[in-house]
Amino acid sequence: MKNNFLLSLSLLAVFSACAQQPGDNPGVYSPEKSAVPKPAGLVADADNAGLKLPAGFGAIKVADGIGRARHIVVTQQGDIYVKLMRAVDGKGVLKLHDNNGDGKSDATTGFGNYGGTGIAIKNGYLYASSDEEVFRYKLDAKGDVIAPLQPEKIISGLINRRQHESKSIALDNNGNIYVNIGAYSNSCQERDRQTGSMGMKPCPILDSAGGIWQFKADKLNQTYGDGVRYATGLRNVVGLDWNSQANQLFVMQHGRDDLHNIFPALYTEQENADLPAETMYALKKGDNAGWPYIYYDPFKNKKIQSPEYGGDGKKEGSSEYVDPVVAFPAHMAPNGLLFYTGNMFPAKYKNGAFIAFHGSWNRAPLPQEGYYVAFVPFENGKPSGKWEVFANGFAGIEVVTGTRGAQHRPCGLAQGPDGSLYVSDDVKGTIYRIIYTGK
Amino acid sequence: MKQKALMALSALALLSFQTAPKKTASASAVNKSNAATPAKTTAGNAAVMERGKTVYLTQCLACHQVDGGGVPHLNAPLDGATAVTGKDKAKLITIVIKGLKGVELDGEFYSNAMAPHPEMTDQQIADVLTYIRNSWSNKASAVTAAEVKAVRAKIK
């Protein structure tokens, strides 16, 4: 009897030691620390799933034709949750499972009859967004959703006027969730995208969109009044991620379109194709990135006043707006951002940023750009070198002249428990898993 | 003070901009004259097609693209679209003059809005519609300036 009691006491002690590792944020979902299915048997596809990768990397086509796969997240057990832009057969969230360990999904289940983009896992919950709401679902110890038909509604009533409607999400380590609310406009003109139409002053869209809003991750039924406009002047952010080293939110803005079409006297077609930069920002609460009043010129390395607001292509924009930390070529549409914390890839990739570029359309009549996953090295939460193309070949053709010609377009990124990098494609619904084999 | 300047400098260096990887020279620009090869048309003649193409390049191409394929989920395709080659020319004329937003087309929805083009002349609208009805894989009868005029009078 006494013995038994002692045993259970020491068992208890062992349990609590496991649960409360030093330095571990209590209750934080930490995939790396648990037993992980061995990737030993993993073999890259002979054609690397059609991708061009740096030496030593390979790719596996995990799934194909599953619907318009937007953002993705991988559980500690290696299952993939996919948010579909439109529900297929009433299922807007899919779970892909691999029974035999060959890296290919062989059991798909789903739930959630809504389309959307955002998906994330934090503190034992799966978060998923429609274009107006954010829901969450409790996960069990196996990473399965316990009550797929009874989600908790965390946020609702977010503005959706079709343009830039994705509500992407990211969570910090302090109980907050960040939601992108894209501007339902290109450049806040009185008449959207019409030649010569000037900008509204002040831009009324910024009250309810064109920024990142912060909400509580565990409070139900929040709407605008419960949230904080964390950062503004961001036209549309689809890719965003919390950087735990910098303890800061990083976002990728989709820069404005149509400089030539709206102001043909000020911008040539070539300038339209090359301006403005797609920009990465490291945000602090209260930051203003300046949309629609300015855009970022990657050749001058300057903020330039928008022509809708009196700019002429040269006049500099106000210094009250924050500068980007990285500038990429125009119109490439960054849809996914992921800071890599895994151990599978070589050291250079640790803590660096992967960006999924969906690929351009607004460079026409010039050839389109993007359609690849890029990488930026980071040190101590800051970019430490030039960006490079990491994974290419998604489009399946050398030169994309019309966007419809691209066979796959990278959209979401996720990291597996073994350090694999997952990429989703929202054209054909392909899920890629990129592994490092050193060969 | 000096430190600050140095920091700003290195921040600038980090913000180094790189251009996208180079593509083959031949592909560096789409030759406008090849932007779309007009299919043989039953009704429209070559001059109308040339004029229509000029309008298309300046007013429509940015969204509907060089190949008329549009942008998936964003801008509707014109190549292969039921309405574009359909009998209801008044509908097409109205779309160009008044724009279009949030309407289901061939089972798809598009996020962008199509801006109205009321400033275009009857002849320009007739030419561009004849052009899109007879380019890429499309083949349909021409639209005349008189037809545009009649429709414009009704929707005003």
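Quick note on labels: first sequence line is chain A, next is B, and so on, each numbered from 1. Everything quoted here is computed from the prediction, not taken from an experiment. All values below come from the heavy atoms of this structure, side chains included, with hydrogens, waters and symmetry mates left out.
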Is it true that atom [atom1] of [X] has more than 12 heavy atoms of other residues, nucleotides or ligands lying nearer than 6.0 Å?
X         : atom1 : value
Glu379(A) : CD    : no
Lys300(A) : NZ    : yes
Asp89(A)  : CG    : no

task: Applying side-chain hydrogen bond (donor to acceptor under 3.5 Å, both in side chains), name anything that partners Thr85(B), two or more places apart in sequence or on another chain.
output: none
Interchain contact, His64(B) with chain A, by part (heavy-atom threshold 4.5 Å): neither
Compare every heavy atom of [Y] with every heavy atom of [X], then report the nearest pair and how far apart it is.
X         : Y         : answer
Asp79(B)  : Arg404(A) : OD2-NH2, 3.0 Å
Thr403(A) : Pro72(B)  : CG2-CD, 3.9 Å
Asn112(B) : Arg193(A) : OD1-NH2, 3.7 Å
Asp258(A) : Ala62(B)  : OD1-CB, 4.3 Å
Arg162(A) : Phe109(B) : NH2-CB, 3.2 Å

message: If you count heavy-atom pairs within less than 4.5 Å of chain A, which of Ala113(B), Pro77(B), Cys63(B) leads?
response: Cys63(B)
statement: Taking a cut-off of under 4.5 angstrom between non-hydrogen atoms, the residues of residues 92-101 of chain B near chain A are none
Can you tell which part of [X] gets under 4.5 Å to a heavy atom of chain B, answering side chain, backbone, both or neither?
X         : value
Asn261(A) : side chain
Met85(A)  : side chain
Arg191(A) : neither

Qualifying residues under ring-ring contact (aromatic ring centres under 6.0 Å, His included), relative to Phe378(A), sequence neighbours excluded: Phe250(A), Phe339(A)
- prompt: Any idea which of Arg86(A), His164(A), Met280(A), Glu165(A) has the most non-hydrogen atom pairs under 4.5 angstrom with chain B?
  reply: Glu165(A)
- prompt: Do the side chain of Gln65(B) and the main chain of Trp361(A) share a donor and acceptor less than 3.5 angstrom apart?
  reply: yes
message: For the backbone of Ser111(B) and the side chain of Gln163(A), can you confirm whether one donor and one acceptor N or O come within less than 3.5 Å of each other?
response: no
- prompt: Which pairs, with at least one residue in residues 102-111 of chain B and sequence neighbours excluded, count as a salt bridge (Lys or Arg N to Asp or Glu O under 4.0 Å)?
  reply: Arg68(A)-Glu108(B)
